[in-house]
Amino acid sequence: MKTRVRFAPSPTGHLHVGGARTALFNYLFAKKTGGTFVLRIEDTDELRSSEESIKSIFDSMRWLDLKWDEGTMPDLSEKGDFGPYMQSKRESLGIYKKYAEQLLREGKAYYCYCAAEELDAMRKKAQLEKRPPKYEGKCRHLSSGQIEEFRKQGRKPVIRFRMPDDGQTVFEDMIHEHVKFENKLLYDFIMVKASGYPTYNFACVIDDYLMEMSHIIRGDDHISNTPLQLNVYKALGWEPPRHAHLSMILGQDGTRLSKRHGATSITEYQKQGFLPETMKNYLALLGWGNSDSQDIFKKGELEEKFDISGCQKNSAAFDPVKLKWMNGEYIRQLSKEELFAAAEPYLKGFGLVLDKSNPFHLDIVAIEQEKYKLLSEVGGLVDFFFKDVKYDESAINKTLKAPNTEAILNGIKRVYSEISEFNDVTIEAKTREFAASNGFKNGQVFHPVRVSVSGRTQGPTLFKMLEYLGKEKVINRIDKALRLLQ
RNA sequence: GGCCCCAUCGUCUAGCGGCCUAGGACGCCGCCCUCUCAAGGCGGAGAUCACGGGUUCGAAUCCCGUUGGGGCCGCCA
């Protein structure tokens with residue numbers, strides 16, 4: 001049987017790292033097994049779902065290069081033979097109603113007229129009395145007379161699933177292996193809301209079945225929903241798919257990942273200057289590993305090496321420090337052109353409008369490639385090539401105020417003005433010659449020159465930097481530094 | 001409170017009964033390279049494999065219990 005998996009986000013916000021990881025693992029599993037990756041939108045929460053969220057989720061998925069074969073597409077069109085793929089559109093197909101009625105008819109589901117407030121009160125009371133806050137099945141045995149009475153009052157019922165009273169629900173999770181629940185501890189969950197919309201646990205089963213899903217790969221937080229859903233499959237006489245429950249992603253302090261820990265959505269990481277390849281690679285490593293403990297994967301390699309048996313049972317802490325390191329690794333692998341293209345959107349924030357067809361611009365952006373950890377920091381490191389120098393206070397005090405600086409700068413300025421081929425090799429040779437013949441240590445010359453032209457004590461390799469700056473700017477800036485010393 | 005899941009360096013992980021005096025990666029420390037900062041190279045510290053019992057000739061690996069952490073218990077998904 002061909003594998004079919006799905007990622008089924010509910011569009012109530014941006015794509016979070018947890019969701020992205022679930023999507024990624026489904027995608028990788030589909031790739032690895034030659035299966036189909038489906039995207040379904042679970043928007044049965046009329047209040048919280050928004051089209052804006054759908055768009056944002058799609059943007060993040062595309063950014064991460066997680067392409068799906070079937071489902072709701074970015075332009076909201078539908079692709080595939082099992083549509084529609086948006087639950088709100090599936091409602092009108094009447095499928096949820098159809099199967100709910102079947103269960104009703106067979107006595108496997110029943111109408112419940114309990115008011116929401118009533119249920120709330122019961123739950124609170126149960127909590128207080130330290131009893132499990134589960135629905136006790138009050139409406140299980142309503143007589144037709146009682147139902148008639150409620151109807152006359154105009155009360156809208158919900159439909160509840162009748163859970164078996166005894167026995168066990170057992171499943172073989174692909175990650176957790178045996179998972180066992182006592183049916184008597186499960187509860188009669190609501191399948192259809194008073195509004196007529198299906199709830200998650202019901203819609204999920206119907207859709208997964210009709211869409212012919214072979215495997216359900218989702219977060220650990222769904223593990224206790226699984227026995228509920230499995231019982232619906234059973235009641236309908238359907239063969240359930242295989243389940244794999246992925247461990248949770250936690251913050252650095254071991255608690256559930258939240259705003260408190262910093263960025264939680266993929267969009268935010270994109271804005272911060274991470275490469276999509278980095279995110280994909282890093283996310284794959286959370287809760288998964290292969291026997292080589294490999295941590296950097298080349299393009300396409302994850303798709304090849306992913307194996308669900310390498311999934312970790314225990315939760316994983318999200319480590320932004322390692323993420324940054326990895327981004328540096330990926331940035332270093334980029335060609336000049338790729339780096340420029342990746343960094344360009346972030347350059348504008350520094351007021352830099354550069355041109356990719358200008359080889360100098362390409363070189364300058366790449367001059368500190370081995371140092372970049374975030375694309376967003378490139379502009380701040382190369383801006384002085386294009387804008388006026390701003391002298392860093394501590395650089396002035398530390399370097400320009402060193403003894404002999406004035407003489408050195410005056411001397412080197414004269415040397416530079418006589419160079420006709422202003423390239424790094426010549427500049428370096430002349431600079432070293434100047435230092436040697438005047439009895440200065442190299443550093444005594446190099447450092448003040450660096451500060452004069454860049455305003456900083458740290459920066460790119462000196463002579464390349466001078467070359468790219470050009471003779472005129474270099475001399476002007478040395479003059480400027482000299483004026484500071486007056 | 002009930003149920004479920006989980007437990008290897010600070011973190012991500014390798015390990016599936018002898019190869020483990022537990023390997024790799026991030027981070028940290030030191031040295032080298034060097035025009036600064038990085039990058040790179042080399043080396044180091046860091047895990048009584050949560051704890052306690054079994055099983056076994058032998059356990060990080062299997063079983064039981066304890067403790068700790070997480071999840072779920074919605075007309076949210």
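These values consider heavy atoms only, across backbone and side chains, with no hydrogens, waters or symmetry-generated copies. We name chains A, B, ... by the order of the sequence lines, and we start the count at 1 in each one.
Rounded to whole Å, the separation between the P atoms of B:rU48 and B:rU8 comes to 12 Å. Comparing B:rC6 with B:rU13, their C1' atoms sit 16 Å apart, to the nearest whole Å. On the P atoms, B:rA50 is 12 Å away from B:rG10, given to the nearest whole Å. Nucleotides B:rA59 and B:rA38, compared at atom P, are 47 Å apart to the nearest Å. Taking atom C1' on both B:rU61 and B:rC20, the two are 11 Å apart, rounded to the nearest angstrom. Between B:rA47 and B:rU55, the two C1' atoms lie 25 Å apart (nearest whole Å). B:rC9 sits 12 Å from B:rG24 when the C1' atoms are compared, rounded to a whole Å. Nucleotides B:rA7 and B:rA14 are separated by 11 Å at their P atoms, to the nearest Å.
Closest approach of A:I412 and A:V449 over heavy atoms only: CG2-CG2, 4.0 Å. The minimum heavy-atom distance linking A:A317 with A:G251 is given by the pair CB-O, 3.5 Å. The two residues A:I266 and A:H16 come nearest to each other via the heavy atoms CG1-O, 4.3 Å.
Residue contacts shown for A:K373 are limited to sugar-phosphate atoms, with no base heavy atom under 4.0 Å away. If you check every strand for non-hydrogen atoms under 4.0 Å, A:Q444 touches nothing. Within the nucleic acid shown, A:H245 has no heavy atom closer than 4.0 Å to any nucleic acid atom. Within 4.0 Å (heavy atoms only), A:C311 reaches no atom of the nucleic acid at all. Among the heavy atoms of the strands lying under 4.0 Å from A:S291 are primed sugar atoms or P, OP1, OP2 only; no base atom is included. The residue A:N225 sits close to a base: some heavy atom pair falls under 4.0 Å. Among the atoms of the strands shown, only primed sugar atoms or phosphate atoms (P, OP1, OP2) are found under 4.0 Å from some heavy atom of A:T44. Across all strands, A:L462 comes closer than 4.0 Å to base atoms (heavy-atom distances). At the heavy-atom level, A:G459 lies under 4.0 Å from base atoms of the strands shown. Within 4.0 Å of A:P227, counting heavy atoms only, lies no atom of the nucleic acid at all.
Comparing atom distances between the A:K193 side chain and each of B:rG24, B:rC35, B:rA77 picks out B:rA77 as nearest. Ranking B:rA39, B:rC75, B:rC35 by closeness to the A:R450 side chain, first place goes to B:rC35. When distances run from any side-chain atom of A:D221 to the nucleotides B:rG70, B:rC35, B:rC72, the shortest one goes to B:rC72. For A:A317, the side-chain atoms get nearest to B:rC12 when compared with the rest of B:rC35, B:rC12, B:rA77. Closest approach to the A:R160 side chain among B:rU36, B:rC12, B:rC75 is made by B:rC75 (side chain taken as heavy atoms from C-beta onward). For A:E370, the listed nucleotide lying nearest its side chain is B:rA39; candidates were B:rG15, B:rA39, B:rA77. Closest to the side chain of A:W325, out of B:rG74, B:rA77, B:rA25, is B:rA25. Counting only heavy atoms from C-beta on, A:T199 has its side chain closest to B:rA77 among B:rG23, B:rA77, B:rC35. For A:A194, the side-chain atoms get nearest to B:rC75 when compared with the rest of B:rC75, B:rU13, B:rG27. Nearest nucleotide to the A:D295 side chain, out of B:rU36, B:rA25, B:rA14: B:rA25.
When the side-chain nitrogen and oxygen atoms of A:R218 are compared with OP1 and OP2 of B:rC72, none of them lie within a distance under 4.0 Å. A close approach under 4.0 Å does not occur between any side-chain nitrogen or oxygen of A:R456 and OP1 or OP2 of B:rC37.
Taking atom CE of A:M465 as the reference point, atom C1' of B:rA38 lies 14 Å away to the nearest angstrom. When the P atom of B:rA38 is taken as reference, atom CD of A:E377 falls 13 Å away, rounded to whole Å. In this structure, the CD atom of A:E118 is 15 Å from the P atom of B:rG74, given to the nearest Å. Atom P of nucleotide B:rC37 and atom CD of A:E368 are separated by 12 Å, given to the nearest angstrom. Remark: P of B:rC75 and NZ of A:K97 are 22 Å apart, rounded to the nearest angstrom. Distance A:I249 CD1 to B:rG70 P: 16 Å, rounded to the nearest Å. Regarding A:N201, its CG atom lies at a distance of 9 Å from the P atom of B:rA77, rounded to whole Å. Between A:M163 atom CE and B:rC73 atom P the separation is 13 Å, expressed in whole Å.
For A:L374, the side chain to side chain contact (heavy atoms under 4.5 Å, CB included) test picks out A:F274, A:K324, A:N327, A:S376, A:E377, with sequence neighbours left out.
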Dump every N/O contact between nucleotides 1-10 of chain B and the protein below 3.5 Å, one line per pair.
unit_1: B:rG1; atom_1: O2'; unit_2: A:K130; atom_2: O; d: 2.8
unit_1: B:rC5; atom_1: O3'; unit_2: A:H176; atom_2: ND1; d: 3.0
unit_1: B:rC6; atom_1: OP1; unit_2: A:H176; atom_2: ND1; d: 3.4
unit_1: B:rU8; atom_1: OP2; unit_2: A:N314; atom_2: ND2; d: 3.3

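The existence of a salt bridge linking A:R260 and A:D253 is confirmed by a sub-4.0 Å separation between a basic side-chain nitrogen and an acidic carboxylate oxygen.
For an aromatic pair to be called close, the ring centres must be under 6.0 Å apart, and A:F306 with A:F25 satisfies this. Outside the 6.0 Å centre-distance limit, the rings of A:F318 and A:H261 are not counted as a close aromatic pair. Aromatic pair A:W325/A:Y282: ring centres not closer than 6.0 Å.
Where A:E42 and A:V321 each meet RNA chain B at their nearest nucleotide, the meeting point lying more 5' is that of A:V321. Where A:E46 and A:R432 meet RNA chain B, the nucleotide closest to each residue was compared, and A:R432 sits on the side nearer the 5' end.
Base-pair partner of B:rG1: B:rC73 (Watson-Crick or G-U wobble, both distances under 3.5 Å). Across the strands present, B:rC37 finds no partner; the criterion is a Watson-Crick or G-U wobble pair with both atom distances under 3.5 angstrom. Taking a pair to require two hydrogen-bonding distances under 3.5 Å in either a Watson-Crick or a G-U wobble arrangement, B:rA50 pairs with B:rU66. Using N1 to N3 plus N6-O4 or O6-N4 for Watson-Crick, or N1-O2 and O6-N3 for G-U wobble, each under 3.5 Å, B:rA25 pairs with B:rU11.
Counting only residues at least two apart or in different chains, ring-ring contact (aromatic ring centres under 6.0 Å, His included) contacts with residues 109-135 of chain A comprise A:Y113-A:F150.
Aromatic ring pairs are classed by plane angle as parallel below 30°, tilted from 30° to 60° and perpendicular above 60°; the pair A:F297 and A:W288 is tilted. Classification of the A:H245-A:H176 ring pair by plane angle, with boundaries at 30° and 60°, yields tilted.
Side-chain N or O atoms of A:R21 include one that pairs as donor or acceptor with a backbone N or O of A:L286 at under 3.5 Å.
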